[in-house]
Amino acid sequence: MAAGESNSRSSCLNLSNSGPLGNAPPSNSAHSSPASNRGAGGAAGGINRSAGNSNPQSGPENGGGTESAVRSTPSAHNPPRQTVGQSGASSGAASNMTATSSSSSSSSSSSSASTASSSADASAAAAVSSLPSSPASVLVYREPVYNWQATKSTVKERFALAVGSAVFDAMFNGGMATTSTEIELPDVEPAAFLALLKFLYSDEVQIGPETVMTTLYTAKKYAVPALEAHCVEFLKKNLRADNAFMLLTQARLFDEPQLASLCLENIDKNTADALAAEGFTDVDLDTLVAVLERDTLGVREVRLFGAAVRWAEAEAQRQQLQPTPENKRRVLGKALALIRFPLMTIEEFAAGPAQSGILTDREVVSLFLHFTVNPKPHVEFIDRPRCCLRGKECSITRFSQVESRWGYSGTSDRIRFSVNRRIFVVGFGLYGSIHGPTDYQVNIQIIHTDSNTVLGQNDTGFSCDGTASTFRVMFKEPVEILPSVNYIACATLKGPDSHYGTKGMRKVTHEAPATGTKTCFTFCYAAGNNNGTSVEDGQIPEVIFYT
């Protein structure tokens with residue numbers, strides 16, 4: 001832009017008095033243009049002169065410029081209206097006039113200058129008068145219109161209002177063309193970028209379920225941790241079992257470990273519901289593996305297998321593969337080894353995994369042998385029980401001394417117990433043979449006393465080494481024990497005579513070393529078909545649990 005143009009525009013737009021909404025009213029003074037702008041050749045000055053001065057007077061005092069033209073006639077206060085589309089022709093005429101006027105003022109011959117100036121003025125006036133008059137718009141002077149910016153005193157208020165306007169919607173939803181350029185949009189979702197701008201300039205958080213993930217991505221991309229924290233907090237508050245897997249995938253993608261941890265805890269507590277949600281089959285393999293690795297899932301292993309098969313079918317479709325057993329095994333990859341088949345009952349395994357075609361014949365045979373014979377052969381799958389609570393494993397011993405011999409005739413050893421706080425029992429410690437290394441078959445159960453409901457059980461076995469030590473026998477899933485409720489611990493062993501405990505205690509208290517939390521067990525005799533175990537002596541010396 002030339003210097004003359006800049007000065008000319010300032011002389012017309014920078015009026016001394018502004019209207020109540022920030023619009024400049026027309027000046028009532030013929031001397032309204034600043035002296036510093038005398039002789040400026042801008043478009044606006046040219047229009048005023050050509051419109052209002054039919055008999056210009058050129059001389060050293062007024063310089064033959066715009067100011068002299070305005071002073072010479074009162075009609076300069078009401079110049080003809082001009083539309084934006086007419087500005088090019090008018091500005092050209094005004095520029096020619098101003099250049100001619102400036103030349104005339106520096107000429108040595110006043111007569112020639114006057115003649116040239118008059119001729120230019122007449123041409124400019126004719127050009128302007130020939131343009132159609134329109135009340136709709138004017139280049140310099142406009143009718144007062146509502147100015148929304150004048151009603152907002154701070155940048156925050158103005159930007160907050162502007163963000164919701166149609167102009168912004170046009171700009172960030174497909175671009176907004178101008179006469180000279182087109183706005184380049186960032187490579188993020190328009191709604192998310194608008195949320196970012198609104199947060200930056202007004203501190204207002206605009207997040208919804210449909211935009212939170214794209215807003216989180218945008219906040220990370222442009223390094224706005226405050227908005228990122230708002231997005232994560234929104235996700236935490238809206239975390240549910242039916243969206244836990246979807247949010248877990250996003251948390252891993254965006255490297256949000258805190259959110260990922262909360263998603264995993266939710267899946268632990270609501271595993272069955274989370275697996276049944278639609279979003280489960282959309283997770284990636286690494287996310288599936290991260291879940292199957294956990295010892296804290298609260299669901300039977302056969303249901304985990306069924307969910308893994310559903311995921312494999314969806315993944316095969318994504319990879320454009322036929323959902324054959326071979327392709328399902330292929331897409332499951334390392335996730336298959338994380339299914340704990342030994343924790344299933346033989347009936348569950350026979351009805352599902354054994355007939356799925358996903359396992360090899362060798363794997364099926366070894367697992368059937370694991371379920372049915374002693375000593376149990378080695379299997380390639382994890383047999384460690386899952387516990388639905390984190391923390392350190394605890395155990396209590398209810399006998400003070402060990403004796404021999406305790407025989408078995410097919411009936412169960414039983415002991416009734418209650419606790420003072422909620423715990424999860426994961427297994428028992430049992431005595432083994434007095435005759436050296438031996439294998440036992442055993443069925444363990446926990447029964448709700450009042451309803452006689454079996455809450456947890458496992459048909460399994462254990463090997464002993466002939467010592468007076470106890471040997472762990474675990475449930476397939478943790479069994480929840482509520483405070484002040486009576487339960488029966490039951491063990492039915494098949495094998496030779498074993499050691500047994502004596503000098504039993506009616507109350508045994510376990511104190512957590514780190515927190516000092518106390519878990520108190522109270523034992524009572526369990527009447528009925530009992531092999532002889534009581535508070536004073538017998539089997540089931542240990543209870544293994546998590547708090």
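As the structure is a prediction and not an experimental result, all values here were calculated from the model.
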Q: Apply side-chain contact (heavy atoms from CB on, under 4.5 Å) to Val291 and Leu264, showing your working.
A: CA-CA 7 Å; Val291 172; Leu264 288 170; 4.0 Å; yes
Q.
Before we go on, tell me: are the rings of His370 and Phe381 under 6.0 Å apart, centre to centre?
A. no
Q | Step-by-step side-chain contact (heavy atoms from CB on, under 4.5 Å) determination, Thr397 to Val508 | A | CA-CA 8 Å; Thr397 301; Val508 180; over 6 Å; no
Q. Short question: side chain of Asn458, backbone of Met474 - any donor-acceptor pair under 3.5 Å?
A. yes
(Q) Testing Ile444, Thr492, Asn530 one by one against Ser412 for a side chain to side chain contact (heavy atoms under 4.5 Å, CB included), which residue passes? (A) Thr492
Q.
What's the separation between atom OG1 in Thr453 and atom OH in Tyr487, rounded to the nearest 0.5 Å?
A. 10.5 Å
Q) Which atoms form the tightest heavy-atom contact between Leu482 and Val419, and what is the distance? A) O-CG2, 3.9 Å
Q: Could you grab the distance from atom CG of Leu338 to atom CG of Leu304, nearest 0.5 Å is fine?
A: 10.5 Å
**Q.** Euclidean distance, Glu256 CD relative to Leu216 CG, rounded to 0.5 Å
**A.** 5.5 Å
Q. Between Leu288 and Phe245, is any pair of side-chain heavy atoms under 4.5 Å apart?
A. no
Q. Judged by atom type as modelled, is there a donor-acceptor pair below 3.5 Å linking the side chain of Arg398 to the main-chain atoms of Val543?
A. no
Q. Does a side-chain heavy-atom distance below 4.5 Å link Val425 with Ile423?
A. yes
Q | Trp406 side chain to Thr533 backbone, donor-acceptor under 3.5 Å | A | no
**Q.** Greater than 12 external heavy atoms within 6.0 Å of Arg330's CZ
**A.** no
(Q) I'd like to know whether CD of Glu511 has more than 12 heavy-atom contacts from other residues, nucleotides or ligands below 6.0 angstrom. (A) yes
(Q) I want to check something: taking the side chain as every heavy atom from C-beta on, are Phe371 and Thr345 in contact at a cut-off of under 4.5 Å? (A) no
Q. Taking atom types as modelled and ignoring hydrogens, do the side chains of Thr449 and Arg416 form a donor-acceptor contact shorter than 3.5 angstrom?
A. no
Q | Stepwise side-chain contact (heavy atoms from CB on, under 4.5 Å) test for Phe341 and Leu336 | A | CA-CA 10 Å; Phe341 295 101; Leu336 182 62; 4.1 Å; yes
Q. Taking all atoms of both residues into account, what is the closest heavy-atom pair of Gly407 and Asn531, and its distance?
A. O-ND2, 3.2 Å
(Q) So which atom in Phe349 and which in Met344 form the shortest heavy-atom distance, rounded to 0.1 Å? (A) CA-SD, 4.2 Å
Q: Could you tell me which non-hydrogen atom of Asp497 sits nearest to which non-hydrogen atom of Tyr440, and how far apart they are?
A: O-OH, 3.4 Å
(Q) A side-chain contact here means heavy atoms from C-beta on lying under 4.5 Å apart; do Glu301 and Glu348 qualify? (A) no
Q) salt bridge (Lys or Arg N to Asp or Glu O under 4.0 Å) between Arg340 and Asp295: does it pass, once the steps are laid out? A) CA-CA 10 Å; Arg340 304 184 185 185; Asp295 290 333; 2.5 Å; yes
Q.
To the nearest 0.5 Å, what is the distance between CG on Leu430 and CD1 on Ile540?
A. 7.0 Å
Q: Determine the minimum heavy-atom distance between Leu248 and Ala260, stating which atoms define it.
A: CD1-O, 3.7 Å
Q. Within a reach of under 6.0 Å around CZ of Arg421, are more than 12 heavy atoms found that belong to other residues, nucleotides or ligands?
A. yes
Q: Compare every heavy atom of Cys231 with every heavy atom of Val212, then report the nearest pair and how far apart it is.
A: CG2-O, 3.8 Å
Q.
Tell me if a side-chain donor or acceptor on Asp284 pairs with a main-chain N or O of Thr287 at a distance below 3.5 Å.
A. yes
Q: Return yes if some donor-acceptor pair links the side-chain N/O of Ser261 with the main-chain N/O of Gln258 below 3.5 Å, else return no.
A: no
Q) Does Pro478 reach the side chain of Tyr546, with side-chain heavy atoms less than 4.5 Å apart? A) no
**Q.** Other residues, nucleotides, ligands: >12 heavy atoms within 6.0 Å of Arg252 CZ
**A.** yes
(Q) I'd like to know if the side chain of Thr522 and the backbone of Ser418 have a donor-acceptor N/O pair within less than 3.5 Å. (A) no
Q.
As an exercise, state the distance from OG1 of Thr519 to CZ of Arg422, rounded to the nearest 0.5 Å.
A. 12.5 Å
Q) For the residue pair Tyr431 and His499, does the interplanar ring angle fall in the parallel (under 30°), tilted (30 to 60°) or perpendicular (over 60°) class? A) tilted
Q: Indicate the ring-plane relationship of His510 and Phe545, choosing parallel, tilted or perpendicular according to the 30° and 60° boundaries.
A: perpendicular
Q) Does the salt bridge (Lys or Arg N to Asp or Glu O under 4.0 Å) test come out yes or no for Glu293 and Lys334, once each step is laid out? A) CA-CA 10 Å; Glu293 286 176 337; Lys334 56 186 176 181; over 6 Å; no
Q) So does Gln319 have more than 12 non-hydrogen atoms from other groups sitting under 6.0 Å from CD? A) yes
Q: Apply salt bridge (Lys or Arg N to Asp or Glu O under 4.0 Å) to Arg362 and Glu380, showing your working.
A: CA-CA 11 Å; Arg362 184 178 60 83; Glu380 298 177 357; 3.1 Å; yes
Q: Output, in order, the C-alpha distance, side-chain angles, deciding distance and verdict of ring pair (Phe, Tyr, Trp, His ring centres under 6.0 Å) for Tyr500 and Phe399.
A: CA-CA 9 Å; Tyr500 71 98; Phe399 295 123; 8.2 Å; no
(Q) Under a 3.5 Å threshold, yes or no: a donor from one side chain and an acceptor from the other, between Thr324 and Gln322? (A) no
Q: Kindly indicate, with the supporting measurements, whether the criterion side-chain contact (heavy atoms from CB on, under 4.5 Å) is fulfilled by Leu253 and Thr249.
A: CA-CA 6 Å; Leu253 176 65; Thr249 301; 5.6 Å; no
Q) Under 30°, 30 to 60°, or over 60°: which ring-plane class applies to Tyr217 and Phe254, parallel, tilted or perpendicular? A) tilted
Q) Are Asn529 and Thr411 close enough that a side-chain donor and a side-chain acceptor fall under 3.5 Å? A) no
Q. Rounded to the nearest 0.5 Å, what separation is found between the CG atom of Asn270 and the CD atom of Glu265?
A. 11.5 Å
Q) Can you find a heavy atom in the side chain of Leu235 that is under 4.5 Å from one in the side chain of Met213? A) yes
Q: Evaluate the ring planes of Phe523 and Phe521, with Trp represented by its six-membered ring, and classify them as parallel (under 30°), tilted (30 to 60°) or perpendicular (over 60°).
A: parallel
Q. Side chains of Arg294 and Ile267: closer than 4.5 Å at any heavy-atom pair?
A. no
Q | Within-4.5 Å side-chain heavy-atom neighbours: Pro342 and Leu367 | A | yes
Q) Is the number of heavy atoms from other residues, nucleotides or ligands within 6.0 Å of NZ (Lys503) greater than 12? A) no
Q.
Arg329 vs Glu326, test: salt bridge (Lys or Arg N to Asp or Glu O under 4.0 Å). Steps then yes/no.
A. CA-CA 5 Å; Arg329 182 184 179 100; Glu326 294 79 10; over 6 Å; no
